[in-house]
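These numbers come from the heavy atoms of this one structure, side chains and all, not from hydrogens, waters or symmetry mates. If you're wondering where the values come from, they're calculated on a predicted model, not measured in any experiment.
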Protein chains: 2
Amino acid sequence: MANVTVPRTKRGVERRATLLKAAEKVIGEKGFSAASIADITREAGTALGTFYIYFPTKEDVFRQLVLEMGHVTRTTVTKAIAGVSDRLQAEKAGLRAFLSFVGDRPSLYRIVEEARFVDPDAYRAYFTGFADAYADRLRAAAADGEITEGDPEVRAWALMGIAKTLGDRFVLWEEKPDLDLVVDSAFDLIRDGMGPRE
Amino acid sequence: MANVTVPRTKRGVERRATLLKAAEKVIGEKGFSAASIADITREAGTALGTFYIYFPTKEDVFRQLVLEMGHVTRTTVTKAIAGVSDRLQAEKAGLRAFLSFVGDRPSLYRIVEEARFVDPDAYRAYFTGFADAYADRLRAAAADGEITEGDPEVRAWALMGIAKTLGDRFVLWEEKPDLDLVVDSAFDLIRDGMGPRE
DNA sequence: TGCAATTATGAATACTGATTCATGTTTCAA
DNA sequence: TTGAAACATGAATCAGTATTCATAATTGCA
């Protein structure tokens with residue numbers, strides 16, 4: 001629970017950041033168990049013991065990475081949505097921003113998913129926080145008549161599920177994903193559904 | 001790749017099944033790394049070494065479990081859909097069946113998700129196989145005018161994403177999930193989308 | 001500048017747990 | 001019934017690696 005401690009020297013702050021980047025890379029690539037502290041410090045160019053000056057345990061860096069992902073994702077999506085006044089179009093912009101982000105930092109993305117097994121509490125906190133904010137947005141949009149009524153909670157999770165899965169399949173698994181196609185198709189589904197119009 | 005070998009005696013067949021059940025329980029509860037072979041054999045009531053008579057490695061039982069999940073899920077969803085002639089309603093029935101299944105065998109469900117890290121190939125094979133069949137159904141339904149046109153590939157993955165996430169949030173995290181609410185809300189979204197009708 | 005607090009180092013410690021193996025026991029086809 | 005093939009056992013092996021620690025080197029404030 002601790003580790004809100006910031007290093008006291010400039011060098012310390014840099015080292016910590018270096019180690020965190022290294023951890024992101026190594027853990028993202030090899031997975032939590034397979035990634036050893038030695039791998040991380042080698043990648044960071046420090047001695048083995050240095051790691052423990054900044055992080056009490058291996059689980060702890062991992063938690064830090066999950067938290068970082070939380071911040072960055074929020075920031076990214078929020079920024080992408082900010083300019084868009086049409087709330088339905090904001091959905092589209094948010095989805096696109098999320099998928100781009102997955103492409104930019106695949107390691108962080110994988111780490112969050114692995115958190116489910118490595119640090120269930122962090123995983124839950126991450127998605128719950130995200131979903132709650134999402135549900136609020138949907139509720140407000142429905143109140144204003146910009147989208148139809150419908151359970152905001154279920155909708156929020158369903159939409160997050162779409163984003164996650166499309167990220168897996170069309171961003172992580174594809175060399176050169178066609179984001180436009182994916183985003184457009186998904187958005188059409190989100191806006192109109194699949195049911196034939198009478 | 002091997003291990004298509006079936007035990008030669010009745011006792012052997014039973015033992016193998018016992019070990020597989022035990023592995024499902026233990027790995028599902030503790031996760032792949034934390035679950036030890038000793039845990040599994042203890043749960044199964046056999047000696048440690050017995051495990052290696054039936055499975056070459058720990059990874060191997062894991063793979064078997066992923067395969068089993070593939071069979072069972074397919075069977076379950078296929079059966080649920082079978083009777084329903086309306087293809088849109090079939091979506092709903094399939095979703096409900098999947099969510100019930102997650103509630104019935106949470107361990108298997110978690111194992112498939114963990115496969116992403118433990119055995120990426122098995123994970124990919126599992127979901128790709130599923131998605132391909134799904135996309136075919138959607139394509140056929142669209143051709144018959146039972147649902148609107150739209151990229152079947154993207155739709156298939158998006159719908160799978162909805163099912164997965166709702167399973168996480170409303171089945172695994174809830175003591176007594178209200179499946180009706182979840183399925184109804186999600187289905188409304190899938191059928192009509194959120195866009196206001198002009 | 002000088003020194004107390006910080007930070008760096010990597011060899012040594014400690015422990016966990018997958019896999020093997022030599023030695024019995026059980027099964028079942030002939 | 002019987003003996004060769006299958007199967008069961010669990011102590012011992014073996015490897016990996018998280019974490020500690022005693023010993024320097026740096027830093028930055030008084």
Give the rounded distance in Å between these two atoms: [atom1] of [X] and [atom2] of [N].
{"X": "A:Tyr54", "N": "C:dT6", "atom1": "OH", "atom2": "P", "value": "12 Å"}
{"X": "A:Arg15", "N": "D:dA25", "atom1": "CZ", "atom2": "P", "value": "16 Å"}
{"X": "A:Ile53", "N": "D:dT19", "atom1": "CD1", "atom2": "P", "value": "15 Å"}

At under 4.0 Å between heavy atoms, how does the protein contact nucleotides 14-30 of chain C? Give one character per nucleotide, 5' to 3', with B, S or -. ----SBB-----SSS--

Tell me whether the OP1 or OP2 atom of C:dT9 has a side-chain N or O from A:Thr50 closer than 4.0 Å. yes

In terms of side-chain geometry, is the basic nitrogen of A:Glu68 or A:Arg105 positioned less than 4.0 Å from the acidic oxygen of its partner? yes

Sidechain N-carboxylate O distance under 4.0 Å for A:Asp121, A:Arg124: no

State whether a side-chain donor-acceptor pair under 3.5 Å links A:Thr148 with A:Arg155.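 Yes, because at least one side-chain N or O of A:Thr148 sits under 3.5 Å from a partner of the opposite role on A:Arg155.
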
Is there a donor-acceptor pair under 3.5 Å between the side chain of A:Glu114 and the backbone N or O of A:Phe32?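 Yes; judged by distance alone, with no hydrogens or angles, the pair exists.
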
Spell out, as yes or no, whether a donor-acceptor pair under 3.5 Å connects the side chain of B:Asp60 to the backbone of B:Thr57. no

Output the distance between atom CH2 (A:Trp157) and atom CD (A:Glu153), rounded to the nearest 0.5 Å.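 That separation rounds to 8.0 Å.
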
